[in-house]
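Read through the structure below, which is laid out as structure tokens, and then see the notes.
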Amino acid sequence: MLKRWQHFIRTRFGNGGAHGHRALPLANQPFVVLDTETTGLNPQRDRILSLGIVPVRDARIRVRECREWFLAQEVFDGESVPIHGILREGPNARLPEREVLEGLRERLEGTIVVGHHVAFDRAMLQAAYARWELPPPDQPFVDTEALYRHTLIKSRLLRRKERYTLDDLASRYGISCKDRHTALGDAQITAYALLHILEALKSKGVRDTAQLLKLGGLRG
Amino acid sequence: MNNRIAERVADFLGRYPPFSELTEKDLLALAGGVDILYREKHRYIFREEDPAHAFFYVVHRGAVELRRSSSGEIMDICDEGDIFGLRPLMAGESYKLEARTQEESILYAIPIAQFRPLVTTYEEVGNFLIESFASNTRNPYARQHSGTLVGTGFGSEAAIPGSPPALLPLKAPKKLVTCTPDTPVKDVAARMTVKKVGSVLVLEAGLPVGIITDRDLRTQVVSGNHPIDAPARAVMTTPVITYPKGLTVTQAQLGMMKNQIGHLCLTEDGTPGSPAVGILSKHDLLLAMGQNPEVLMRAVGRSTRIKEIRAVRNRITRLLQRYLQHNVPMSLTMKIISELNDACIKQVILLALQKEPPPPVPFAWISLGSQGRGEQLLLTDQDNALVYAAVEAGKQEETQAYFLKLAGRINKGLLKIGYPYCPAEMMASNPDWCLPLDQWKKRITQWMRNTGSEEVLLSSIFFDFNYTYGAERLVRELTDFIFERVESHPIFLQHLARGALQSPSPTGFFRQFLLEQDGAHKDFFDLKHRALLPLTDAARVLTLAHRIPGINNTAARFEKLAEADPANRELFLSCSYATKALLKFRARQGLLHGDSGRFIALEQLSKEEKMKLKRCFKALKGLQELIAVRFQLKSVL
């Protein structure tokens, strides 16, 4: 019954849109924090090098379920190596992209996907799924930058930044940046930030997923 | 599996006990099962009587307070690396305390199912947990706790201190000089000269087969029995008499006497079939015996000058160092060191008497304070008094003048051997502390009658007096008098009790430790004032109230009190333990920093040391509560 109802809402209001998700109390909503390292910034041309996920349930980071995948590359862009440090023949086992995408889909089931500037990660994922002619993940995506904005005091006296980087959030919440610029490391920092943000939003009256998606959900 | 987050968790946990004991592999596996939580300030992790979670917690960042919800009393504050909420999981109980974040905190939740097997695999982990659980119980070594609280799997003996070593093991001899049976004697002699040793061990296939000493070279080679290029086997004494390493002075002495030899070969298991670890010579033995209490005692008695006593005092300090290193039971250590200190003081008095005309009337020298209690390990201020027999009228002034002069000489002598003067001038050279017996009685009556609190503080250490030298009868009479008077002045005990509560126990304050606010020792912890003094004061008033005469040592007083008052047995025993632990701690700190060990820099302590201290304070707190109730004092706590 529930499944059909969900399906109805989804078809009616669009895939994974902010209004298509069932409103759950935030405490019960599972999240998957996700980050990708890519060869570049163009979703059509560039490829995902690695993918890290940090599941968060009941406001707890589930260390056991954290994963980092390194993807086998058909094309290799030497220029981005200095940033992410992932070599073509690195020490980590490389998996075929298709396998990773399918594994990811399983783990995203029933969650809200969270990331910092996650619109880019979503675009990369959508392009990748499309290349393999797989349906893209239909979970709602929430951006921590957008959420973070809402935790700040609204005042005309305070000039707010245009953009808040992951480093800004990390320094605001005192999170160690030890593994910055690795997929799992960034996902971990984002996950810590998410725990802080959720608490901060709770005190501002944000109690369920519908409200959360309204504040930070990606459109379409 | 690629899980760098687990690695980060492991990095953190590995910095703290008991996780620091785990192998990298086990630690990483444990870290992999961890959940990470964030809690804002003043949020509950669990409440009293909540059923136990499947996890226990380690504070990653922030601070968590554990309190009893009924009284709101803070039992503990956990900060980075501290574990909480484990005990109910091990015992299969519900939570007995509530846990609330004191500031915003990140916690690691560690699944108990994954941790439990490690407790049995790693002995150190088990021991650590017993220690830490014990710090939440009154008596850390109460058997019923160590047995049942953690369920099965722990060695329950682990918590009980090892059996007292009767004598100290000898220090392992430093260098082992060896040769083979084929080495020419000439080379052997050269080697002995270079290495400056009197003996060489002959090894064959790594095992001792013979020994060559200076004496062998003299009787076998120089005498012409063997040429100087003879092989070692021709002149060596064989077989070698072997003893196990770690033998005591007495054993070594007996071994040399029995075999009429001057060198013992020490091997791994004491047989010639195991590798040699060293050679013990008579000379080594003599050196070791230099730090033997009996030898020191004799040295004190033989001293004819203050300077010599001072040298012996330094050796006593070294002996203490070794006792502490080898964990000789504290009660034994205290007894031996006090005896030696007493002997030093006696000798100072004897020397002083030689320089003065004979005393006009019998007198007794009384040690007060820590020396009086037999708790003095390091050199602390001298607190003493002098009592002399009644003097016929008209000769009073003259007599006091004599004793003041004598006391002055003794005080000066004590200063020379290392006891600084008492800043409060509680010394026999002070006319207030150098009185005939009847005047002392008058004074004590006065203290008991007019018990202004200033007076109590002043007089309290007097009640820890101990006879050191002279006419013991005088001291006994004084003791009897005090007990007699206590009976008729119950109010005095109440004042003494109030005095005992004047330094609140250091628990319940921020992170448990109350540091000094100002002065030269700002930000240090005053071990004497905050921890030892309250225990001593409490023991004193309780022994007076229970009319237990003749015991001045605080730890012994608590043991006696445990017998006299079975209802509070546990508490008293834990106080006795705490006293010994704190004294030892103070002595260790003192030796480490070359001072009296009174002030402690907390950040230099290890986690275990802090835990031990905390545990002692818990006993103290219980004791102060007991005193407040027993002497019907309004709670000053």
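Reminder, nothing fancy here: chain letters follow the sequence lines and each chain counts from 1.
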Problem set entry | Aromatic ring proximity B:H53/B:Y95, centre distance under 6.0 Å | yes
Problem set entry | Best-contacting candidate, A:I61, A:L198, A:D58, against chain B by heavy atom pairs under 4.5 angstrom | A:I61
Seminar exercise, completed: With chain B, the option among A:G185, A:G52, A:G174 that has the most non-hydrogen atom pairs under 4.5 Å is A:G174
Exercise. Counting N and O atoms only, with roles assigned by atom type, does the side chain of A:E199 sit under 3.5 Å from a partner on the main chain of B:E40, one being a donor and the other an acceptor?
Worked result: no
Exercise. Does any heavy atom of chain A fall under 4.5 Å from the side chain of B:A109, the backbone, both, or neither of them?
Worked result: side chain
For this session: Give a yes or no on this: more than 12 heavy atoms of other residues, nucleotides or ligands lie within 6.0 Å of atom NZ of B:K96.
Result: yes
Exercise. With a 4.5 angstrom heavy-atom cut-off, which part of B:V9 approaches chain A: side chain, backbone, both or neither?
Worked result: side chain
Exercise. Looking at B:E104, B:R43, B:R61, which one has more heavy-atom pairs under 4.5 Å with chain A than the rest?
Worked result: B:R61
For this session: Tell me, for B:E7 versus chain A, whether the close heavy atoms (under 4.5 Å) come from the side chain, the backbone, both or neither.
Result: neither
Seminar exercise, completed: Residue set satisfying ring pair (Phe, Tyr, Trp, His ring centres under 6.0 Å) with B:Y108, at least two apart, ordered chain then number -> B:F12, B:H60
For this session: Examine whether an atom of A:V54 lies under 4.5 Å from a heavy atom of chain B, and if so say whether it belongs to the side chain, the backbone or both; otherwise answer neither.
Result: side chain
Exercise. Do A:Y173 and A:Y192 have ring centroids that are under 6.0 Å from one another?
Worked result: no
For this session: Name the region of B:L107, side chain, backbone, both or neither, that has any atom closer than 4.5 Å to a heavy atom of chain A.
Result: neither
Problem set entry | Pick from A:V63, A:D179, A:V56 with the largest number of heavy-atom pairs that fall under 4.5 Å of chain B | A:V63
Exercise. Once the angle between the rings of B:Y38 and A:H196 is folded into 0 to 90°, is it parallel (under 30°), tilted (30 to 60°) or perpendicular (over 60°)?
Worked result: tilted
Problem set entry | Ring-face cation contact, B:F55 with A:R60, 6.0 Å cut, 45° max | yes
